[in-house]
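Just so it is clear, the values below take in all heavy atoms, side chains as well, and ignore hydrogens, waters and symmetry mates. In what follows, chains carry the letters A, B, and so on, assigned in the order in which the sequence lines appear, proteins first and then strands, with residues in each chain numbered from 1.
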Protein chains: 2
Amino acid sequence: MGENSSLERTESGDLTPLYGTYRGLDLVSDKWTVRVVYELRPGGRRLSDLQRAVKGISQRMLIHTLRNLERNGLVKRTVYPVVPPKVEYYLTPLGKTLMNPLLSLCAWTNEHIEEMEKAREQYDKETEEVSINGE
Amino acid sequence: MGENSSLERTESGDLTPLYGTYRGLDLVSDKWTVRVVYELRPGGRRLSDLQRAVKGISQRMLIHTLRNLERNGLVKRTVYPVVPPKVEYYLTPLGKTLMNPLLSLCAWTNEHIEEMEKAREQYDKETEEVSINGE
DNA sequence: CGGTATCCCTGCGGATACTG
DNA sequence: CAGTATCCGCAGGGATACCG
C-alpha cells in the first residue's frame, strides 16, 4: 500500500491509459480502506465508534488505515482537548469525492454478486470432476 | 481474494448497506486484477501478450489472476487445438459490465492523484518535524 | 478513550526450473 | 506458447500488553 508501486513506462516511453491510476488504486486495494471510508460518510466519528462499525477490524489496522487516509488528504483528524480524550475523524472534501466511484463499484457488486457466485460454484464443480476422474 | 471474507451481520441481525459488496470488493483489492481486466478490454488476448502488457506481473500471478477471474465468470478461456498451443482470454458480458465502475475509479484517481500527492508530502514533512524536535 | 510497541504467523507473490 | 511445481522472503495483519 505504501511506498512501492514502482510503475514504469513502456520501453518506448509512452504511457498506458491507466498510467498514474495504479498508485491510487492501491488506495482501495487493501482490506479495510473502503469500509472505513464508507463508515466515515455520516460525518465525524470516533475511533471506538468506527471500530464497532467496521466489524472484524483490529484497532491496529483501523488506526493504520485512518493514518493512511489522513496522509493522502482524504481524512481529517481532530483532537478535542478534553478528558477523557476525544478524537474525531471525518472525510475531507477530497475524501467525499471518492464516495461516488466507490459506491458505483459497490452497486456493481450488489447487482452481480449472485451471478458471480453461480459461476464460481459451476467452475468449482467442473474442476473437481476433472481432478477426480483425471479427465 | 479467496474463500475468506467472512462477513457477519450486526448483532441486531440487520445488514449494513454495504452488505454483500465486500466479497466483490476484494475482487479489486488485489495487486493485479484491475490491470489485467483493463488489458482484456480490447478482446481476446493471449497469455504472453498479456504478460507483456501488464508490466511487472509474473507469469505465476498472471495465471493466478486469470483463473480467479475465470472462476468468477468474468473471463472466458478458449483453447485452440493447434501447435504451438494457442489460448485466448476475453471478458465475458459480465466481465465487460465491470469496466464502467472500474474506469470511474481510475478516472477519480487520475483527477485527484496530484492533490493526494501534495497532501502526502505535506503530511510527511510535518510528521518528520515532529519526530525531529520531539514536538 | 486513543493510541504505540512487540511478537508472530500466514499467505501473497517473486524467481526459477521443468513439462507438453 | 501455455502452464505447473517448488522454494522462499517478506509484508499484511491479528493478538496482546502497555501508556497518557
Just how far, in rounded Å, is [atom2] of [N] from [atom1] of [X]?
{"X": "A:His64", "N": "D:dA15", "atom1": "NE2", "atom2": "P", "value": "17 Å"}
{"X": "B:Lys55", "N": "C:dG14", "atom1": "NZ", "atom2": "C1'", "value": "17 Å"}
{"X": "A:Met61", "N": "C:dT4", "atom1": "CE", "atom2": "C1'", "value": "13 Å"}
{"X": "B:Asp30", "N": "D:dG12", "atom1": "CG", "atom2": "P", "value": "14 Å"}
{"X": "A:Leu62", "N": "D:dA15", "atom1": "CG", "atom2": "C1'", "value": "16 Å"}
{"X": "A:Ile57", "N": "D:dG12", "atom1": "CD1", "atom2": "P", "value": "14 Å"}

Distance, nearest 0.5 Å, that separates CG of B:Leu91 from NZ of B:Lys76:
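Atom-to-atom, B:Leu91:CG and B:Lys76:NZ are 13.5 Å apart.
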Please write out the pairs of protein N or O atoms and N or O atoms of nucleotides 2-6 of chain D separated by less than 3.5 Å, giving the distance to one decimal.
from	atom 1	to	atom 2	distance (Å)
D:dA2	OP1	B:Arg46	NE	2.9
D:dA2	OP1	B:Arg46	NH2	3.4
D:dA2	OP2	B:Ser48	N	2.8
D:dA2	OP2	B:Ser48	OG	2.8
D:dG3	OP1	B:Arg77	NE	2.6
D:dG3	OP1	B:Arg77	NH2	2.4
D:dG3	OP1	B:Tyr89	OH	3.3
D:dG3	OP2	B:Tyr89	OH	2.6
D:dG3	N7	B:Gln59	OE1	3.3
D:dG3	N7	B:Gln59	NE2	2.8

Other residues, nucleotides, ligands: >12 heavy atoms within 6.0 Å of B:Lys96 NZ
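Not more than 12 within 6.0 Å, no.
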Are the side chains of A:Leu62 and A:Trp32 in contact, using a 4.5 Å heavy-atom criterion?
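They are not in side-chain contact.
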Aromatic B:Tyr123 / basic B:Arg120 pairing, under 6.0 angstrom, 45° off normal
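No, cation not above the ring by the 6.0 Å, 45° rule.
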Report yes or no: do A:Val87 and A:Tyr90 belong to one cluster of Ile/Leu/Val/Met/Phe/Trp/Tyr joined by side chain heavy-atom distances under 4.5 Å?
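Looking at the clustering, A:Tyr90 is in a separate group from A:Val87.
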Determine, using the 4.5 Å side-chain heavy-atom cutoff (strictly less than), whether A:Leu103 and A:Trp108 are members of one ILVMFWY cluster.
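Yes, one cluster joins them.
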